[in-house]
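By convention in this document, chain letters (A, B, ...) are assigned in the order of the sequence lines, proteins followed by strands, and residues within each chain are numbered from 1. What you see is a predicted model; the values in this text were computed from it and never measured.
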Number of protein chains: 2
Amino acid sequence: MARRPTIADVARHAGVSRTSVSFALNDRPGIAEETKERILAAAAELGWTPSRPARALSLGKAGAFGLVLARDPDQIGADLFFPAFIAGVEVALGERGDGLMVHLTTPEREESVYERLAADRRVDGVLLTDLRHEDPRPALTHRLGLPAVVVGQSEWSDGLTSVGLDDRPAYVAAVRRLAELGHRRIAHVEGPQEFRHAHRRRSAWEETLGDLGLPPGPVLPGGFTAEGGARATRELLSLAEPPTAIVYGNDLAATAGLSVAQELGVPVPERLSVVGYDDNPLTRYTHPPLSSARADARGWGEAAAQALDRVLAGEEVAHVVLPPAEFIPRASIGPAPRP
Amino acid sequence: MARRPTIADVARHAGVSRTSVSFALNDRPGIAEETKERILAAAAELGWTPSRPARALSLGKAGAFGLVLARDPDQIGADLFFPAFIAGVEVALGERGDGLMVHLTTPEREESVYERLAADRRVDGVLLTDLRHEDPRPALTHRLGLPAVVVGQSEWSDGLTSVGLDDRPAYVAAVRRLAELGHRRIAHVEGPQEFRHAHRRRSAWEETLGDLGLPPGPVLPGGFTAEGGARATRELLSLAEPPTAIVYGNDLAATAGLSVAQELGVPVPERLSVVGYDDNPLTRYTHPPLSSARADARGWGEAAAQALDRVLAGEEVAHVVLPPAEFIPRASIGPAPRP
DNA sequence: CCCGTCCCGCAAACCGGTTTAGTGAGCGCC
DNA sequence: GGCGCTCACTAAACCGGTTTGCGGGACGGG
């Protein structure tokens, strides 16, 4: 196959210098309209597009963002947050022809991946998701000189710009609704507490119960997984005084919980109300349909990418706050059973 | 922040030329052992790593692969094939420090994404997944001079190297097992037939029934979605002679189908046997646990990346065949009900 | 002692863009 | 008519690596 054309080929073909081709392409002043058209026509005819690596080298910009996911692969597949989030990032990036480098790794190797990303200068900045307590990454990216944006609450961002979408209101609304329905023993199956969002969900549950003057029901770890959700549910339902409602950290655990309840002959919602989080497409089709919460993951991705853009442009970017997650009541909740 | 060190800084620091630094780094002969150590020490001390863009420019290699997903975001999130697949690709790429550019797009814009990928020279090659009938991509990548590997059966690859993992045996085994259990009316809820794998699954079901001398049961589209699976199941169960077993195109549709059966008061597996595909982590925790099929998506990703590596190295790569998917019977199947 | 080899290492060119620092032509103005 | 300006364009340097081609010193053999 023929060698790809370079800027020199276009210049020759249009009878101008390489400089002019570059100027014409980038809409810089100093090129006569007529010449510019001739250049662009030549480029089109030869099918020339500037080489990204070459452009990246002279501009000192890679033209790509990085996203490092350090969950176990099993868990990543579980929720559809990431695909939607990535789709949103793509919307923001796609216009400029930039791209997203996705690195899936294990928690142990996480730091080295960021280090390599920074050392390589393969990305211009990174999006930090799934923040943990004492998360090393804000400091790490700062030390590495790697621009970053935190995808989460501003309190977690450690000085970085954040793009937040609050999941708390959905939990507050869910717990309040359950209380309205007469529930007094409302349990929580929490996600891994090292994650700030998992912890935040638990706090929302706990504090809302407190505000309502209700005792905190039992809490069990569900690990955001089907297995964890099933095990926790089994344990909760075998208590002397089982809860009449369970609020899960995510839909996967909740769906598994729904199956366990059914297996144990506990009718939902007659004897147990169930609430998930994520609005997984499956939740509308479980039996009964699972109450959940919806967050605009796609919009989140788009906003995060735009924020990182502005950070890279050197702007002082304020924390971005997106509309919060919304509680979606469905048939999996109902009035508390009579004692 | 200080400017990042370049190869010239390392050369100066070690008292050698840039050439020597490059040679030392790339293990090329012609550098004395002692000198090499001094160079590497200098590099380490300055914290220098070669810049990817610069390297990409001189080598004419981007050091990255591309993966374009053209499903609707909702559908991508649904199965955990991609996260596991990407994790596998990462394993193969990570060793060399290469990366994966993921582009999530819509079917309409798919071709232009490949065109840009090729024009930009931002990736060295692409992995083609989700092949369709009359898929334009093998010809497109060939025309664009963009090296590619087909993730799927060799018959689909149109001359490209393929890395296949056969899902057929799992379907054959499932249908045979159902027949053994006495089922005679075995339905199929198929995925979108423009996808070759969806079509292949349907053919496996159909041909196995034929081999067994059984009439093909009803087929309905399920679109690989929860909604489609639920709708198809509802329709199947309201037939005058409803099937006693349903084989779904994937777990998502099957899980939704399970809920519908339950909602309609059709006990599983007593009156209806159900089989999915993908071995989604949830399937072990549905009620009853869903029979499914397991394929090593991670290994698939790793093998695909390695194959693309070898294609890029100019080797003649034969079609790679991985161990086929395996049927995983669980409690969602049982003996056919007595008429 | 001289010459051919081998081993090391360097200068310079190159990859394909962008950008800086001019150059020359044309024009208005006094 | 000469000066200064603007406009359109270009030559050359630069980004940070890799690679080619060559030179100098040590060593061994004749």
Original post:
So what does B:I31 hit on the nucleic acid, given a heavy-atom distance under 4.0 Å: a base, only sugar-phosphate, or nothing?
Top reply: sugar-phosphate
Subject >> Pairwise distance CG(A:L69) to CZ(A:F85) - rounded to 0.5 angstrom >> reply: 9.0 Å
Original post:
Roughly how far apart are A:F23 CZ and A:R18 CZ, rounded to 0.5 Å?
Top reply: 12.5 Å
Original post:
To the nearest Å, how far apart are B:I39 CD1 and C:dC8 C1'?
Top reply: 11 Å
Original post:
Roughly how far apart are B:R122 CZ and B:L117 CG, rounded to 0.5 Å?
Top reply: 7.5 Å
**OP:** Could you tell me whether a side-chain N or O of B:R143 sits under 3.5 Å from a main-chain N or O of B:T141, the two making a donor and an acceptor?
**Re:** no
Subject >> Inter-axis angle, terminal five-pair segments of the helix from C:dC1-D:dG30 to C:dC30-D:dG1 [nearest 10°] >> reply: 60°
I'd like a table of atom pairs between the protein and nucleotides 19-24 of chain C - only N or O on both sides, under 3.5 Å - with the distance next to each one.
residue: C:dT19; atom: OP2; partner: A:R28; partner atom: NH1; Å: 2.9
residue: C:dT19; atom: O4; partner: A:T19; partner atom: OG1; Å: 3.0

Original post:
Going through the checks in order, is the side chain to side chain contact (heavy atoms under 4.5 Å, CB included) test met by A:Q306 and A:E302?
Top reply: CA-CA 6 Å; A:Q306 284 167 350; A:E302 191 172 348; 3.7 Å; yes
Original post:
Base, sugar-phosphate, or nothing: which does A:S20 touch, judged by heavy atoms less than 4.0 Å apart?
Top reply: base
Original post:
Nearest nucleotide by nearest heavy atom, which residue falls closer to the 5' end of DNA chain C, B:T35 or B:A54?
Top reply: B:T35
Original post:
How many angstroms lie between CD in A:E134 and CG in A:D158, if you round to the nearest 0.5 Å?
Top reply: 10.0 Å
**OP:** For A:G60, report the nucleic acid contact type (base, sugar-phosphate, nothing); a contact means any heavy atom under 4.0 Å.
**Re:** nothing
Original post:
Got a second to check how far B:R52's CZ is from A:R116's CZ, nearest 0.5 Å?
Top reply: 7.5 Å
Original post:
Is B:R4 reaching over with its side chain to a backbone N or O of B:T49, donor-acceptor style, under 3.5 angstrom?
Top reply: no
Subject >> Distance (rounded to the nearest 0.5 Å) between B:E111 CD and B:R137 CZ >> reply: 9.5 Å
**OP:** Take atom CG of B:L57 and atom C1' of D:dC15, then tell me their distance rounded to the nearest Å.
**Re:** 9 Å
Original post:
Hey, does B:V16 reach any base, or is it just sugar-phosphate, or nothing, if we go heavy atoms under 4.0 Å?
Top reply: sugar-phosphate
**OP:** Measure the distance from CG on B:D120 to P on C:dC15 and round it to the nearest whole Å.
**Re:** 20 Å
Original post:
Want to settle it: does B:G15 or B:R121 sit nearer the 5' end of DNA chain C, counting the closest nucleotide to each?
Top reply: B:G15
